[in-house]
Amino acid sequence: MLRRLLVLLAVLSPAAARADDPVDYAQDIKPILKQRSFACHGVLQQKSKLRLDSGAHILKGGRKGPAIKPGDAAHSLLIERITDTDDDSRMPPEGKPLTAMEITLLKAWIDQGARYPANDVPETDPRDHWAFKKPLRPAIPKAKHAAWSRNPVDAFLAA
Ligand code: HEM
């Protein structure tokens with residue numbers, strides 16, 4: 001919470017805050033995007049071919065190209081869309097607009113170079129969970145002691 005206040009201070013009155021208070025992608029940025037955008041820009045849906053569930057996806061962008069320009073929030077499509085005054089094209093299109101704090105953090109993150117950790121991963125696809133997988137009949141291994149196996153299951157025990 002303190003860092004968010006410092007970042008807000010840094011943007012509202014740069015003189016009053018230390019300029020090197022970096023915005024932390026994992027702590028400050030990903031939670032905002034997860035809550036407000038992954039439903040339409042994540043693993044299950046990619047509206048306008050855009051995913052926002054990892055730093056790499058944000059840089060890759062969607063139909064209109066990269067969603068951000070690292071170091072240049074003012075000319076970043078993502079910022080244009082979340083600050084759009086037209087309700088019909090502002091993102092997210094549903095619910096309340098992002099708060100001033102959320103917009104400030106996103107702008108600061110992009111202006112600071114839009115860094116994200118190397119181990120940043122996109123959402124896992126829930127459809128990949130084994131529970132959603134059609135069970136496949138495995139090949140029966142060649143049993144070492146074929147003499148005493150009475151049932152294909154025995155082959156797995158004796159393999
Ligand atoms: C923080 C939240 C969000 C951000 C930053 C965001 C950002 C964007 C951006 C940058 C584009 C243009 C992508 C391109 O064409 O290359 C876009 C398009 C789109 N987004 Fe989002 N989005 C957010 C949330 C949502 C949500 C929650 C929905 C669905 C309810 C949604 C639905 C769409 C649709 C349908 C388009 C394509 C039509 C259009 O460009 O208006 N977005 N979004």
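For ligands, and for the atoms within them, numbers begin at 1 and follow the listed sequence.
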[X] side chain near [Y] side chain, heavy-atom distance below 4.5 Å:
{"X": "Tyr116", "Y": "Ile29", "answer": "no"}
{"X": "Leu59", "Y": "Ile68", "answer": "yes"}
{"X": "Asp120", "Y": "Tyr25", "answer": "yes"}
{"X": "Lys60", "Y": "Leu50", "answer": "no"}

What part of Pro92, side chain, backbone, both or neither, has a heavy atom within less than 4.0 angstrom of ligand 1? both

Residue [X] vicinity, atoms of ligand 1 by number, heavy atom under 4.0 Å:
{"X": "Pro93", "result": "25 (C), 26 (C), 28 (C), 29 (C), 30 (C), 31 (C), 32 (C), 42 (N)"}
{"X": "Lys64", "result": "14 (C), 15 (O), 16 (O), 40 (O)"}
{"X": "Glu94", "result": "30 (C)"}
{"X": "Cys40", "result": "26 (C), 27 (C), 28 (C), 29 (C), 30 (C), 31 (C), 32 (C)"}
{"X": "Gly62", "result": "16 (O)"}
{"X": "Ile82", "result": "5 (C)"}
{"X": "Leu52", "result": "4 (C), 5 (C), 6 (C)"}

About how large, to 10 degrees, is the angle NE2 of His41, then atom 21 (Fe) of ligand 1, then SD of Met91? 170°

Walk me through it: do Asp125 and Leu44 pass the test side-chain contact (heavy atoms from CB on, under 4.5 Å)? CA-CA 7 Å; Asp125 190 332; Leu44 293 177; 3.9 Å; yes

Establish whether atom 9 (C) of ligand 1 and some protein heavy atom are separated by less than 4.0 angstrom. yes

Which protein non-hydrogen atom lies closest to [atom], naming both residue and atom, and how far is it?
{"atom": "atom 41 (O) of ligand 1", "answer": "Arg81 NH2, 2.7 Å"}
{"atom": "atom 37 (C) of ligand 1", "answer": "Ser48 CB, 3.6 Å"}
{"atom": "atom 27 (C) of ligand 1", "answer": "Arg36 O, 3.4 Å"}
{"atom": "atom 34 (C) of ligand 1", "answer": "Lys47 CB, 3.5 Å"}

One pair to check against side-chain contact (heavy atoms from CB on, under 4.5 Å): Trp109 and Ile58. What are the steps and the verdict? CA-CA 12 Å; Trp109 175 64; Ile58 298 171; 4.1 Å; yes

Could you please spell out the steps behind the side-chain contact (heavy atoms from CB on, under 4.5 Å) verdict for Lys30 and Phe38? CA-CA 10 Å; Lys30 199 160 192 177; Phe38 285 11; 4.2 Å; yes

